[in-house]
Amino acid sequence: MKFFKGFLFLSLLCVSAVGFGAVTNGSKFDVQAANQKLEQLKTDLDSKELNSKVLQEGINQLTGLQAQAKQCADHATTNIAELNKLWEDVKPEKANVPLTSVQKYLQDKRDELTSRQSECALLSLQTKEVMAGYSSKIQELTAAGLLEVKPTFFSTLLSIKKLATQIQSSFDLQLFLKSSGWKQFAGSWSLIVFVSFFIVFLFFGLRLKKIAYQYVDTKKISSVTDQLKITFIDSIARYDILLLGSVLLSLVTSVEGLLLKQFTDLMAASYLCFCYSISLVLIRFFFLPLNTLPPLCGLSKDISTALFTRLKLLAHFILISAVIYVLFNDQHFPLLIIDVARTVFITIFAIGLISVLWLVNRVPKILGQHIVLRLFISSLLTAFLLTILIAEWLGYQVLVNYLLVSVTVTLIYLFIAWVLYKIVFGSLHLFVHGHSEVIESFRRFIGFKQHVAPPEVLTLYAIGFLLIWGGFILILFKVWGMSKLHFAALTNALLNGFKVAGMGLIPSRILSGFLFFIFMSLVIRWLCNFIETRTNLSVEKASQQALSSIIGYVGIAIVLLVALLIAGVNFEGLTIIAGALSVGVGFGLQGIVNNFVSGLILLIEKPIKPGDRVSIGGTEGFVKKIRIRSTQIRTLQRSDLIVPNSEILTGQVTNYMFKDFIGTAQVSVGVAYGSDVELVKKVLLEVAFQHAEVITDDNTNQPCVLFSGFGDSVLNFNLYCAIRNVNLRYTVMSELNFAVDKAFKENKIEIAFPQQDVHIRDWVHVEKREKGIETR
């Protein structure tokens, strides 16, 4: 026994030495060195010579320190938990007992790890505080830099003669020829190839233009597709020479760049020319088609023509500016010249945008008929562009750069978000209201009805809306200069959760739970629809529907529980809520639970089934659908009666089709006194035997005639017969009545009707009339 205990202690000692030695010896993170580095970064933060670059490097170092400190603390916490498990196996049974070597070793190791965990956690918190200081410093420098003022545009224009001299003196022709690639292009076979092919392309371009114009003039337009085709061909024909020339120049310069193994400015300029020609084709395609066709943009002819002219001028200006920038970007011009060129470009571009903006504002279809909203948006954008111009003229170039970049990126992301929103909304709308064969077959496959948006689709729409526009807002924070620390904290809260009133919420897990629930709900809906609509299963229709309903409810309950687990719901903390719900079930929800359980019993026991003809509370109809809370009855008047399941289970229900479809039909008739009753019986039986729906080949269900009694002026007879289909009961009774009436007439049998004999007695006071006394 002693040998066994010694062996156990030795094993624990080896395990602890290996496991926790990896923590102290294997971990290379030096807490003391990290603290010294942190103190140095604190000291650097107080320096007045810091710039944005140095501050950003400091944030990067702090980020690395924080990650290492957090990893160290997590590692120590994990090993402390393992050490506590080992301690439970070897701890002394009684207090005040001397510790063995193994116990002392484990205790010392636990104290060491606890101290290391505290140091790493404290270092992580201190690093976070210093990082916040660096982020604040960057924000201050950025805000101060935005208001940095350079020489104004007006003061620069006063020295325009000096600027011209600087341009001439600083322009390096050899550098221009080398960087642009023009020297190699003009001094090799490339120029000859380009000129030769351009002449050939020019000939074919003119020929194609003539053919295209002839086709456009002779083509008859009979549909929207023809209009699009004609407009596109006409737009291409207008700029075919420019397109062919830009494509040829791009190919020649690209081949030359590959041979020279460098990207020349001439290549970039050729690509810009190609993009410019494509933009002209698109502008003409949308805004200025043939004179006989309306513009594809849906605007009036005057507004469309004016918009085409202004957009074309903007395209010309952007091409010229881009080509100049590409060809002269490598030149070492003075900063003052670059600032003047930049101010001129921004001024002309802003004026062009304002002119296009106010022209678009005249279009009544933009933003519907909300004139005030249109004017507000136009005025806001115009004010922004004018602010950009004034700030640029006054020398606030850093502020202008910030606003231009931020607004441009915002508009780009806004357009992307809008397109994604339209795609998501359009897809869901097409799925619900689409008429194509593919969509209808998919709806039938899943079990959806047309023009009815199920909860899954509405939830997907809500999630898509939240993701698209929530992501857009999150990107806006980043675009408009939120610090990396705050942005990281925001994304960490969205991914890893945050607490509200002591309750932890993890948006990413909640979203995952919703998506899982929606996906599995669609799978369950498909499975239920598959079971309910399959015709080759060896199960009766009612059993299929019952099985489909049970699988649906049970599956949704299981999926809901799993989705709640994925969303991070702690079921241990729901005991109080469960107790409160049990009390609520006992009082307020008793009826709902009763109907729920009754629905399960109806589906399993099947006293009534969908399609059965039943009578409930004096109302006769067909069972349409058995749901978990109520049953839908389609009455004979084509109205729907919703009956709680508990009433069906506890009340009296007549099911005409419980075992079979056989029903009874009754005809009551009265004949006059003196009629031959045997003949009446014979005629009634003949009528019953001649009807196709009356069962005559079964001895237990033979038609019979009963002489029910003597009435006032009538002999009452009842014809009882079994029919094959109880659903034809009223039809059969009507047909039998017609046949009885006809047969009675043929056999001279009189159908009795109410009659009364009136006996008038002699007038007692006849003498009064004889005396001439008037009686009234």
- request: Apply the test side-chain contact (heavy atoms from CB on, under 4.5 Å) to residues Thr491 and Phe477: give CA-CA distance (whole Å), side-chain angles for both, the deciding distance (0.1 Å), then the verdict.
  value: CA-CA 11 Å; Thr491 53; Phe477 289 145; over 6 Å; no
Which value, rounded to the nearest 0.5 Å, describes the distance between [X] atom [atom1] and [Y] atom [atom2]?
X: Ser279; Y: His316; atom1: OG; atom2: NE2; answer: 9.0 Å
X: Leu394; Y: Leu399; atom1: CG; atom2: CG; answer: 10.5 Å
X: Leu467; Y: Leu460; atom1: CG; atom2: CG; answer: 10.5 Å
X: Leu428; Y: Thr459; atom1: CG; atom2: OG1; answer: 10.5 Å
X: Ile348; Y: Leu313; atom1: CD1; atom2: CG; answer: 11.5 Å
X: Thr410; Y: Ile475; atom1: OG1; atom2: CD1; answer: 10.0 Å

query: Are Phe345 and Phe317 close enough that their ring centres sit under 6.0 Å apart?
result: yes
query: Are Tyr402 and Tyr396 linked by a side-chain donor-acceptor pair shorter than 3.5 Å?
result: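 Absent: no donor and acceptor within the cut-off.
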- prompt: Residues two or more places apart in sequence or in another chain: which of them pass side chain to side chain contact (heavy atoms under 4.5 Å, CB included) with Ile318?
  reply: Phe349
Considering all heavy atoms of both residues, which atom of [X] and which atom of [Y] are nearest to each other, and what is their separation?
X: Ala391; Y: Val400; value: CB-CG2, 3.6 Å
X: Tyr239; Y: Leu280; value: CE1-O, 3.8 Å
X: Ala322; Y: Leu272; value: CB-CD1, 3.7 Å
X: Leu495; Y: Ile506; value: O-CG2, 3.5 Å

task: Test Leu511 against every option in Ile463, Leu494, Ile566 by the side-chain contact (heavy atoms from CB on, under 4.5 Å) rule and name the one that passes.
output: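 Of the listed residues Ile463, Leu494, Ile566, the side-chain contact (heavy atoms from CB on, under 4.5 Å) partner of Leu511 is Ile463.
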Close side-chain approach of [X] and [Y], heavy atoms under 4.5 Å:
X: Phe472; Y: Ile468; answer: no
X: Leu282; Y: Ile278; answer: yes
X: Tyr413; Y: Leu476; answer: no
X: Thr347; Y: Trp393; answer: yes

Count the heavy atoms belonging to other residues, nucleotides or ligands that lie under 6.0 Å from [atom1] of [X], then report whether that count exceeds 12.
X: Phe519; atom1: CZ; answer: no
X: Tyr325; atom1: OH; answer: no
X: Tyr271; atom1: OH; answer: yes

Any donor and acceptor pair, going by atom type alone, linking the side chain of [X] with main-chain N or O of [Y] inside 3.5 Å?
X: Ser406; Y: Leu403; value: no
X: Ser277; Y: Leu243; value: no
X: Arg310; Y: Ser355; value: yes

